[in-house]
Amino acid sequence: MRGALGGPRVLLRRLREVMAEPVSAQERLDKIVVLIAANMVAEVCSVYVLRVDGTLELYATEGLNRDAVHRTVLGTDEGLVGLVASQASAINLSNAQAHPAFSFRPETGEEIYHSFLGVPVLRAGNTLGVLVVQNRARRTYSEEEVEALQTTAMVLAEMIASGELSALALPGAEPAARRSLHLTGSPLSEGIALGHVVLHEPRVVVTNYIADDVPKELKHLQTAVEALRTDLDQLLEHGDVVEGGEHRDVLEAYRLFAYDRGWAHKLEEAVMTGLTAEAAVERVQSDTRARMLRQTDPYLRERLHDLDDLANRLMRQLTGRDHAPSRDNLPDNAILVARSMGPAALLDYDRKKLRGLVLEEGGPHSHVAIVARALGIAAIGEIDNATGMADPGDAVIIDGASGDMHLRPLPDLEAAYAERVRLRARRQQQYQALRDLPCVTRDGEKFTLMINAGLNVDLPHIVDTGAAGIGLFRTELQFMVAPSFPRASEQHALYRAVLDAVGDKPVTFRTLDIGGDKVLPYMRNIEEENPALGWRAIRLGLDRPALLRTQLRALLRAAGGRVLKIMFPMIATVAEFNQARELVELELTHLRRHGHKLPDQVEVGSMVEVPSLLYQLDELLEHADFLSVGSNDLFQFLYAVDRGNPRVSSRFDPLSAPVLRALKDIADKSREHNKPATVCGELASQPIGALALAAVGYRSLSLTPSAVGPVKAMLLDTDSRKAAAFLSPLIDKPSGTTSIRAELEKFAAESGLQI
Ligand code: PEP
Ligand code: MG
């Protein structure tokens with residue numbers, strides 16, 4: 001580096017000494033700015049720290065008026081320093097005063113300096129402050145000098161992030177590095193969780209920033225990059241990576257980056273400035289993150305993830321450590337923070353200590369969200385850069401119903417949430433007290449409350465809730481969370497485990513409901529214009545009978561000597577139902593012929609979720625043994641409204657005359673035919689929905705496990721005849737409103753019902 005005294009390596013070595021000195025934070029900062037200024041032959045070196053209020057405070061300076069320290073506070077829209085912070089990138093000017101953003105504070109006396117080099121102080125891509133050097137003469141700082149200052153800024157970033165500077169700040173003006181943040185994402189799994197951050201893929205904590213021997217460090221880096229490349233080559237050439245699969249595409253992208261000369265060159269340059277190889281990887285990745293986090297293009301954002309992964313892999317090569325948190329050594333009240341996660345990875349963690357999950361990606365239909373709900377863990381998704389903002393051990397609160405995340409919450413907020421958690425726990429205790437009571441309304445109507453399930457982890461809920469059985473077992477969940485197609489033996493094992501777990505209670509197994517939004521990662525995805533109306537569920541099952549027959553055989557064998565209830569999803573015609581039922585007969589004949597033990601009784605039912613069935617109920621009920629109403633899909637198809645699309649989903653309400661008339665018709669017809677009908681859609685899991693269903697004649701509901709308590713409590717207080725009498729005119733002579741929710745709520749309030 002031209003003009004520098006001893007170059008960046010000497011500076012780093014001196015910085016290390018200063019960092020180790022037992023001096024106050026202010027003294028340390030003061031020494032640092034003197035060192036940097038001297039080393040870079042700059043007349044000015046200043047450190048600005050980003051505060052919680054979003055402003056930048058001058059924390060130390062060599063060269064500017066020292067009285068301005070802690071007095072000069074700039075907005076991030078103010079001057080060149082503000083611009084460095086808001087753009088999170090370096091600004092290098094020989095004539096700073098000619099720049100349109102230039103402004104100065106008279107108290108600093110900086111008007112006499114012409115050249116300006118400012119770099120952001122970054123950590124995991126987040127701006128923590130700005131480091132500036134200035135000279136009177138007009139000069140352009142060399143590339144090497146910019147590099148050196150950025151490297152130095154990294155050491156400062158660690159100092160700011162450590163919290164050491166907080167003691168120097170007034171309340172409300174602390175450094176932003178550890179500020180409390182309120183972030184909002186999308187709700188994935190209900191529940192409130194208070195705990196501490198555990199990073200699913202923790203960043204490697206770099207403990208040694210400064211290289212003792214640069215050539216040796218360079219060699220270390222080059223060897224690790226080589227090993228990383230070889231690893232990726234081998235994985236792609238010999239590994240178990242499906243041709244054309246998503247996983248392969250990701251690895252291909254990694255390989256492209258790993259061989260990118262620019263990337264390797266940047267890393268080498270960072271080492272040349274005197275950083276250790278690990279610190280160099282962190283620096284380059286932090287710059288990349290800062291740049292890419294400002295991109296809105298989803299493709300580029302996705303590449304950021306690839307680069308993050310690659311940097312992590314390289315870190316592991318360099319340190320020879322696997323940094324995954326010990327799965328069974330979680331702290332109590334752990335809240336996992338991950339960019340994305342597979343369902344199997346979540347199941348690996350110790351359930352007893354896990355309270356919540358935060359994902360940067362992941363929608364409500366993601367497989368990990370399904371597992372989180374099954375485990376009863378609060379979860380939220382789509383929190384941008386969560387892994388970059390949260391540090392291991394940070395206090396965090398998440399609300400799985402609203403999608404809110406409070407990172408490093410203030411004490412008042414924490415107390416308020418803790419109170420809510422206590423309240424919920426108290427309510428749960430009240431529900432527990434009702435667990436073994438029969439579910440009978442005030443007017444003596446008996447209700448059967450069952451649960452919806454789909455995974456092994458759901459099974460304990462039968463006992464916890466005191467449910468009468470499993471009204472909907474979604475068999476596709478096993479397929480969705482598995483890395484590859486579950487074999488017949490695996491399907492059989494799960495069905496058997498379910499039947500063993502429930503004992504005498506009934507289970508209704510629904511055959512595979514895949515397609516639409518339920519995709520299997522290992523199955524070739526067929527692009528369809530309207531997947532919700534496409535090749536899914538029973539349509540796929542009838543067109544690929546081998547798949548359905550394998551499943552039916554597994555079910556029939558698992559239920560040897562017991563009662564088996566099977567139902568088919570997305571039935572649209574009676575002919576389809578009969579065709580599917582015929583396959584059950586074929587499998588029964590096959591098993592009989594091979595001397596297998598058969599179920600004592602096989603009942604075959606149909607889901608009612610396609611509106612065409614509303615006009616075939618009489619014929620259907622002649623053939624089906626029972627009906628199960630999928631109100632989620634029925635509502636979606638009745639109103640032609642995609643429930644997952646927030647633009648339209650709130651336009652209509654299932655608590656409306658058309659939907660409730662349809663539901664009442666189904667209940668009436670099944671009673672006429674003396675065949676049971678259960679509602680297993682979400683409507684039944686909301687107390688107000690359950691109230692409406694009771695009023696239109698349903699006596700059997702299958703619920704999300706956590707809804708059993710609230711729905712039961714409501715039903716025990718209900719007079720079903722009164723509810724029916726109240727609802728009847730609203731359905732028969734609708735007033736023209738699109739929802740009768742408000743009227744029902746009023747009725748519930750007047751009747752003293754908790755909804
Ligand atoms: C429904 O559609 O209401 C239903 C229960 O099925 P799923 O939610 O699994 O589509
Ligand atoms: Mg459905």
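Any value given below was found using the heavy atoms of this structure, including those in side chains, with hydrogens, waters and symmetry copies removed. Just so you know, ligand 1 is whichever comes first in the structure, and atom 1 is the first atom listed for that ligand.
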Original post:
Does a side chain donor of either Thr475 or Tyr495 reach within less than 3.5 Å of an acceptor in the other side chain?
Top reply: no
Original post:
Which heavy atom of the protein is the closest neighbour of atom 6 (O) of ligand 1, given with residue, atom name and distance?
Top reply: Arg510 NH1, 3.0 Å
**OP:** Report the residue from Ile470, Thr508, Leu472 that forms a side chain to side chain contact (heavy atoms under 4.5 Å, CB included) with Cys680.
**Re:** Leu472
Original post:
What pair of heavy atoms forms the shortest contact from Leu753 to Asp717, and how long is it?
Top reply: CD2-O, 3.4 Å
**OP:** Give yes if a backbone or side-chain nitrogen or oxygen of Glu682 is under 3.5 Å from a nitrogen or oxygen of ligand 1, and no if not.
**Re:** no
Original post:
Is any side-chain heavy atom of Met450 less than 4.5 Å from a side-chain heavy atom of Val708?
Top reply: no
Original post:
Do you see an N/O/S atom of Asp633, backbone or side chain, under 2.8 Å from the Mg ion (ligand 2)?
Top reply: yes
Original post:
Relative to the heavy atoms of Leu472, which atoms of ligand 1 are at a distance of less than 4.0 Å?
Top reply: 5 (C)
**OP:** Using distance alone, with no hydrogens and no angle criterion, decide if Thr704 and Asn452 have a side-chain donor and acceptor under 3.5 Å apart.
**Re:** no
Original post:
Among the N, O or S atoms that Glu609 has, which is closest to the Mg ion (ligand 2)?
Top reply: OE1
Subject >> Per-atom contacts, ligand 1 versus Glu609 - under 4.0 Å to a heavy atom >> reply: 1 (C), 2 (O), 4 (C), 6 (O)
Original post:
With respect to atom 4 (C) of ligand 1, which of Asn632, Leu634, Val610, Leu477 exhibits the smallest heavy-atom separation?
Top reply: Asn632
Original post:
Against heavy atoms of Cys680, which atoms of ligand 1 measure under 4.0 Å?
Top reply: 5 (C)
Subject >> Shortest non-hydrogen contact between Ile380 and Asp404, atoms and distance >> reply: CD1-O, 3.7 Å
Original post:
Do you see a donor-acceptor pair shorter than 3.5 Å between the side chains of Ser720 and Glu445?
Top reply: no
**OP:** Before accepting this row, confirm whether a basic side-chain N of the pair Asp625/Lys675 lies closer than 4.0 Å to the acidic partner's carboxylate O.
**Re:** no
Original post:
Hey, which atoms in ligand 1 end up nearer than 4.0 Å to a heavy atom of Gly681?
Top reply: 3 (O)
Subject >> Atoms in ligand 1 flagged as close to Asp633, the criterion being non-hydrogen separation under 4.0 Å >> reply: 1 (C), 2 (O), 3 (O), 10 (O)
Original post:
Evaluating non-hydrogen atoms only, which member of Met570, Arg474, Arg536, Met607 is closest to atom 7 (P) of ligand 1?
Top reply: Arg474
